[in-house]
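Remarks on the structure that follows.
Side chains are part of it too, since the values below use all heavy atoms of this structure and drop only hydrogens, waters and symmetry mates.
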Amino acid sequence: MKCIVVGGNVKVFGRAVHSLSRIGDELYLEPTESGLSLRTVNSSRSAFASFLFAPLFFQRYEAGDPQPDRELFRCKVLMKSFLGVFRSLPSLEKTVGKCLILLKPRASRLVVQLHCKYGVTKTHNLAFQECERLQAVFDTQRCASTLCAPARVLAEAVVHFPQTLAEVTLGAGPGGKISLRNYVEEEAERSKTMVTELCLAEDEFQTVAVAPGSHITFCLKEFRGLLTFAEASNLPLTIHYDAPGRPVIFSLDDTVLEVHLVLATLLDTESNSQPPTANGVSHLPGPSDDFADDLESYMVAMETSAYEEGSGVPPSPTFPLRTPRPAESDPEEEEEEEEEAEEGAVPGTPPHKKFRSLFFGSVLTPGGPSLARSQEVLAEDSDGEY
């Protein structure tokens, strides 16, 4: 893969890297025929971002020749290392005239060259790791509510919230008003909690097609990162969302750029909505009440295990199905283990919870095949030995 970025597009590319750095610790690079894709996901798999730069964005773009019986090469690098190349955005605009990105699979190096003024060339050789494709499953067409507004309007709205605020609630109020309010936990004491709420009129949006009374709660940190990029690029931001607990999708569209940010939303404990049917969540029984304790309990890792026939859980369309089959166990031994676990249970211990993956439509249950039950025992149980 070889691509050359020139002029003001170097700073745009740097802004994209800065926006992605607010989400994940690893940057996934995937050269395709439709352009260069930069993606990342946070450690809890609750936030996914994708930047797709079209070939017209570059002065020269070569995706590379696919190997026989294989797809185009893709890799991931440490976000901290890649961000170091584009750390100073003002310097990129003033001194850098051209940026060369070269992927060398045989040498296991990602080369980034910055051609600066006065003939100065800065070369960065970054180590990478070959990886599978990273892709969140979502469908904006199935979302019940859609909002579109200039990024400046939303940026001026969130500036009223403190930087330490974790979650914000977006809701549709009476008269077509759209409100933004800091999320307050139910356990918090109302008399000692400060609530900030901002209402935007319908005419401040380019598109308003929302369900009356709908609301969602999502993390503000990742949203701020996308707003910074959108405002600097002067692009309108589109928000697609559905019921609480289903992912919200933020989109930016341009002739040479396509951006998607997918965030988890807090499941409403008072809502009796049906289980999610779109945006990467499969048709599964509704989670227990314990599932909606807080946002962290809903933000779980993506499932990449193999699809077992008859399980009712669809496989991930992008991750390989190479999970080893679990070792067969004796049913009688399993019953004995369950009886012992029940006898030794501590009173007041909460029941087991089912965790639903946000973007990959799977359910992780304690004791399932995903747990490493066959892990080697390093020390035997010493009960009864003196």
What I'd like to find out is whether the side chain of [X] reaches to under 4.5 Å of the side chain of [Y], using heavy atoms alone.
X    : Y    : value
H124 : V111 : no
H215 : P244 : yes
T169 : N182 : no
M1   : L102 : no
L147 : I178 : yes
Y241 : I249 : no

Working note: F138 + H260, criterion ring pair (Phe, Tyr, Trp, His ring centres under 6.0 Å); need CA distance, chi angles, decisive distance, verdict.
CA-CA 10 Å; F138 58 90; H260 292 289; 5.4 Å; yes
Can you tell me if [X] uses its side chain to pair, donor with acceptor, with the backbone of [Y] under 3.5 Å?
X    : Y    : answer
D242 : R246 : no
H18  : R87  : yes
N42  : R45  : yes
T265 : F218 : no
S214 : A211 : yes
S19  : R15  : no
R109 : L126 : no
K94  : L89  : no

When you compare the side chains of S179 and R181, does any donor N or O come within less than 3.5 Å of an acceptor on the partner?
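Distance-only check fails for S179 and R181.
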Is [Y] reachable from [X] through a run of hydrophobic residues whose side-chain heavy atoms are each under 4.5 Å from the next?
X   : Y   : result
L56 : L38 : yes
L29 : I4  : no
L27 : L83 : yes
L52 : V41 : no

Heavy atoms from other residues, nucleotides or ligands near CG of D253 exceed 12 (cutoff 6.0 Å)
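More than 12 heavy atoms, drawn from other residues, nucleotides or ligands, come within 6.0 Å of this atom.
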Evaluate the side-chain contact (heavy atoms from CB on, under 4.5 Å) criterion for residues L237 and F223: first the C-alpha distance (whole Å), next the side-chain angles of each, then the deciding distance (0.1 Å), finally the verdict.
CA-CA 11 Å; L237 178 65; F223 182 54; 3.6 Å; yes
CA sep, side-chain torsions, deciding dist, call: E93, K11, salt bridge (Lys or Arg N to Asp or Glu O under 4.0 Å)
CA-CA 6 Å; E93 186 177 15; K11 189 175 182 180; 2.6 Å; yes
Salt-bridge contact [X]-[Y] (side-chain N to carboxylate O under 4.0 Å):
X    : Y    : value
E26  : K76  : yes
E231 : R152 : no
E222 : R22  : no
E30  : R133 : yes

Plane angle bin for F51 and F53 - parallel if under 30°, tilted between 30 and 60°, otherwise perpendicular
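Parallel, since the angle between the ring planes stays under 30°.
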Aromatic ring proximity Y61/F57, centre distance under 6.0 Å:
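Not close enough - the centres of the two rings lie 6.0 Å or further apart.
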F128 and F73 aromatic centres sub-6.0 Å
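Yes.
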